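All remarks here apply to the structure that follows.
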Amino acid sequence: MSDAGYDHAAVERRWQEAWDDADAYRTPDDVEDPTYVLGMYPYPSGKLHMGHVRNYTITDAYARYRRMQGDDVLHPMGWDAFGLPAENAAKERDTNPRDWTFDCIETMRDQMTAMGFGYDWDREVTTCTPEYYQWNQWLFRRFHEEDLVERRDAEVNWCPHCETVLADEQVEGEAELCWRCDTPVETRELEQWFLKITEYADELLEDIDDLEGWPNSVRQMQRNWIGRQYGSEVDFEIEGHGPVTAFTTRIDTIYGATFFALAPDHPISEELAEEDEEVRHFIEHEADPDGDEPNGVETDLTATNPATGEEIPVYVADFVLSDVGTGALMAVPGHDERDHAFAEKMGEEIVPVVAPEPEDGEDPEAPDVDDAAFTEDGVLVNSGDYSGLDSETARERLTEDLESAEHATQYQLRDWGISRQRYWGTPIPVVHCDDCGPVLVPDEDLPVELPEFINTTGNPLDAAEDWKETTCPDCGGPAERETDTMDTFVDSSWYFLRYVSPGLEDAPFDLERANDWMPVDQYVGGIEHAVMHLLYSRFFTKVLADHEGLEHREPFTNLLAQGMVQLEGEKMSKSKGNVVSPQRIVEEYGADTARLFMMQAAQPERDFDWSEEGVRSTNAFLARLKEMVEEYAAPRAAEDASGEEPRANGYDGGKDAVASYVDAEIDATIAIADAEYDDLTFNKALRETQDLTRTLRQYAEYTEPHAETYERGLSAVVRLLAPVAPHLAEELYDELGNDGFVVDAPWPTAEVDRDYVEKRRRLVENTREDVRDIVEVAGIEDPERIDVVVAPEWKYDALEIAIESDADNLIGELMGHDHIRQQGDAAADYGQDLQAEREALERTLGPDEEYAALESAAWLLEREFDADVRVVYAEEVDESVLKNAEPGRPAIEIED
RNA sequence: GCGAGGGUAGCCAAGCGGUCAACGGCGGCGGACUCAAGAUCCGCUCGUGUAGACGUUCGUGGGUUCGAUUCCCUCCCCUCGCACCA
């Protein structure tokens with residue numbers, strides 16, 4: 001045989017055309033509840049990379065598997081088509097973002113088709129078209145009506161050179177430079193639009209518990225991101241400034257609060273800066289919220305500790321962050337590490353007020369906090385009436401007793417600022433009127449379409465004067481359009497709903513159908529979206545459930561975060577120059593090879609190394625399989641054509657023991673592969689499939705195969721491979737004489753369960769290994785004859801009795817059975833073995849099943865040792881041979 | 001620091017209470033086929049062993065159990081996420 005491969009280009013082209021002609025991947029609108037399989041839609045950057053190929057091969061394979069199982073399947077694709085790179089590319093190439101984006105889409109769509117991904121292209125969604133983004137605007141209005149939109153000042157990253165806001169990810173390194181022009185980034189206060197995701201913080205957090213089809217890592221990341229913390233808010237009176245609220249999770253330590261600290265941008269700090277030179281100097285020059293060292297300056301103010309009544313000094317300190325808690329904190333150096341460090345630096349008092357839980361009967365002893373804070377819960381000391389309480393009780397009591405104190409919950413999650421000072425996004429549908437302020441564009445005037453692109457340094461929308469000038473929808477007076485566009489995460493927060501009814505003109509999605517079809521059954525994408533995209537999508541889904549009648553509160557039932565495709569342990573990246581181009585692989589080896597190699601290389605969620613060697617051997621495997629099928633099918637087809645009696649040329653062996661072995665292996669493979677496909681562990685399913693292929697080849701080499709059995713095997717292999725290598729599978733399915741597509745073929749079925757399959761295989765494997773052991777250890781040069789002897793029936797009975805029995809004396813119980821007792825010493829010996837293994841006993845196959853399994857596998861021994869092999873029942877051999885025979889372990893006699 | 005996930009034979013990597021000296025792949029060794037190479041196929045790949053055995057292994061040290069690679073605890077190391085979060 002050769003490793004020359006096969007003409008993959010011809011095969012792939014042929015079936016891609018056939019699928020296209022037959023509209024094979026169309027999902028009609030009237031199906032009831034299709035299995036919804038979705039890969040995260042890509043940003044159309046120009047070319048597919050290996051990450052895309054892996055992502056979409058996973059969804060495609062799963063979609064095809066479900067379909068062969070008889071499900072209706074929804075498997076759409078679309079484009080996350082807005083975003084800054086298009087603007088940059090347009091500038092570089094002197095074109096415009098729209099043309100550039102559509103070029104990229106076309107290229108990538110062609111590449112996807114070349115990969116054989118079976119999408120319903122009639123449902124394609126492209127977010128940069130007004131037909132799509134009008135619904136972003138409509139949703140913005142709806143959110144606004146439900147009081148989920150807010151306009152307020154926000155600090156943003158601003159590049160003065162590019163004149164635009166940068167996302168946090170676009171600010172690079174410690175020095176905080178713009179990713180494109182290396183200009184130091186500034187912060188600016190800008191009026192921004194926010195979506196109030198924090199209104200849903202509790203539900204978003206609590207529902208994570210029910211997302212059992214999601215990886216734990218993603219669930220945990222979302223929990224951390226939302227960051228809910230229970231604590232208390234309590235007021236400290238600052239002379240001349242009234243009560244100042246501080247948030248704390250440790251109000252039990254309030255007796256140890258020896259100073260108070262304010263964020264540099266706390267309103268009181270800013271007031272102080274106006275008259276206090278030192279404070280101003282600190283705020284303007286020394287405060288470094290990013291530094292490791294806690295810095296601060298003492299003010300002339302004092303605050304009253306509401307628990308002790310003591311006056312404590314007030315600092316302005318840079319480790320106090322205005323967006324954490326209330327931007328003011330009570331500092332307890334005895335029980336907080338950071339406060340401790342700061343107190344040491346400033347020479348403030350450090351008082352222990354919580355002691356470690358004492359041993360029974362002993363009094364709590366205040367810990368030594370001179371060198372380090374004691375940060376755990378314990379028993380209160382030095383805390384007036386509260387001394388002696390445990391931390392938890394003390395927190396409850398103090399929150400109740402202190403007049404200004406109340407329970408409070410803090411979240412790390414912030415509202416979602418969606419304003420972007422960029423061109424290539426959804427225009428925020430707002431008009432600014434001098435008299436009326438910001439006014440939302442009414443529904444009937446939507447969409448607000450993007451004007452022509454203007455190549456300018458700043459925001460092109462700002463430069464589009466004609467577009468910008470408009471009239472106020474409320475008063476009719478002159479007004480200006482909002483020139484900010486929406487974060488592209490808005491687009492992706494609901495695109496999975498648009499696929500349900502992509503062309504719908506009077507709503508973002510068909511509610512009834514969405515209720516039937518949603519949620520997405522299997523979502524697949526990169527871990528980099530663990531928080532943002534997946535959290536925003538959950539948020540949108542919940543809002544749509546509350547206000548638009550969607551009957552689902554979570555968008556994605558099962559989530560798979562796929563691993564990376566690496567090269568020599570490193571992430572592929574352009575800058576490292578270690579990128580393997582999918583295009584090249586497809587040209588050289590074909591799409592099926594690329595897909596099969598990827599799916600068998602590792603479990604989908606794991607990283608794995610690309611290996612050219614692996615790709616070649618995968619390609620060789622497919623070529624060999626093709627040859628096998630052709631060798632079998634071609635002569636039959638020729639005979640059919642010539643009108644002669646069909647005769648399986650060279651495949652007219654009988655349905656003998658070997659055939660039954662192969663038959664059992666076919667069943668075993670199907671049973672295992674089926675379960676593994678269900679789990680998306682394609683690598684294991686494919687390993688089994690390749691093993692079966694090898695078994696079939698061995699079969700054909702060893703003997704004249706039984707045509708029916710052989711064909712059943714080939715047919716099973718082809719269909720088990722079809723989800724992953726669809727083109728070649730179609731070709732071979734066709735060659736095997738089937739009508740219709742393998743895409744629509746029924747998934748092979750097997751009437752065996754895995755437990756049986758595994759017992760049978762283990763018996764055969766163990767027996768073969770035992771024979772090898774004996775031959776080697778006994779130094780048998782050339783075995784003439786091998787007898788494999790199934791244990792006598794009474795031993796199976798004894799085993800069964802032993803498993804069922806809970807008697808102390810097993811041997812006694814066994815001897816209670818006449819037919820066992822009659823075995824005399826043999827029964828006693830075996831009984832002792834059973835007694836010794838008592839706790840570990842397990843049912844084996846029955847004697848006849850074992851006989852059949854061994855008989856059908858005898859050819860393997862014959863072939864390996866070139867010896868006569870007999871499988872026999874116990875009755876046929878001498879008693880002395882039988883002492884080693886047990887259920888699950890035949891006696892072996894070798895003669896040389 | 002907090003949280004999550006990991007550490008398995010030369011390498012990659014399954015297993016997650018007994019079927020485990022531990023699936024599979026790569027690499028290495030030997031054999032079949034071939035004039036030869038490649039491909040394919042068959043074995044071996046912790047140690048000892050002239051009949052299927054025994055001994056020592058699954059990051060470290062303990063524990064639970066008749067029995068632990070699998071469960072619990074301690075410590076060490078790796079990867080990821082969050083982090084001066086009150």
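As the structure is a computational prediction, the values presented were derived from the model and not from experiment. Naming convention: chains lettered A, B, ... in sequence-line order (proteins, then strands); numbering from 1 in each chain.
- Aromatic pair A:Y589/A:F597: ring centres not closer than 6.0 Å.
- Pairing for B:C82 is with B:G1, a Watson-Crick or G-U wobble pair whose two hydrogen-bonding atom distances lie under 3.5 Å.
- A:M628 places its CE atom 14 Å from the P atom of B:U40, with the value rounded to the nearest Å.
- Residues A:D336 and A:R250 are not in side-chain contact: their nearest non-hydrogen atoms beyond the backbone lie 4.5 Å or more apart.
- One interatomic measurement links the two molecules: OH of A:Y699 to C1' of B:C41, which rounds to 18 Å at whole-angstrom precision.
- Remark: the A:N224 side chain and the B:G3 base include no donor-acceptor N/O pair separated by less than 3.5 Å.
- Within the 4.0 Å cut-off from OP1 or OP2 of B:G43, at least one side-chain nitrogen or oxygen of A:R768 is found.
- Pair assignment for B:C46 gives B:G55, based on Watson-Crick or G-U wobble hydrogen-bonding distances that are each under 3.5 Å.
- Looking at A:E293 and A:K345, a side-chain N of the basic residue comes within less than 4.0 Å of a carboxylate O on the acidic one, giving a salt bridge.
- With hydrogens and angles ignored, no donor-acceptor pair under 3.5 angstrom links the side chain of A:D773 to the base of B:G52.
- Both distances falling under 3.5 Å, in either a Watson-Crick or a G-U wobble arrangement, occur for no nucleotide opposite B:C35.
- The pairing partner recorded for B:U65 is none, the criterion being a Watson-Crick or G-U wobble arrangement whose two distances lie under 3.5 angstrom.
- To the nearest whole angstrom, the two C1' atoms, one in B:C20 and one in B:U70, are 11 Å apart.
- Only the C1' atoms considered, B:C12 is 15 Å distant from B:G28, to the nearest whole Å.
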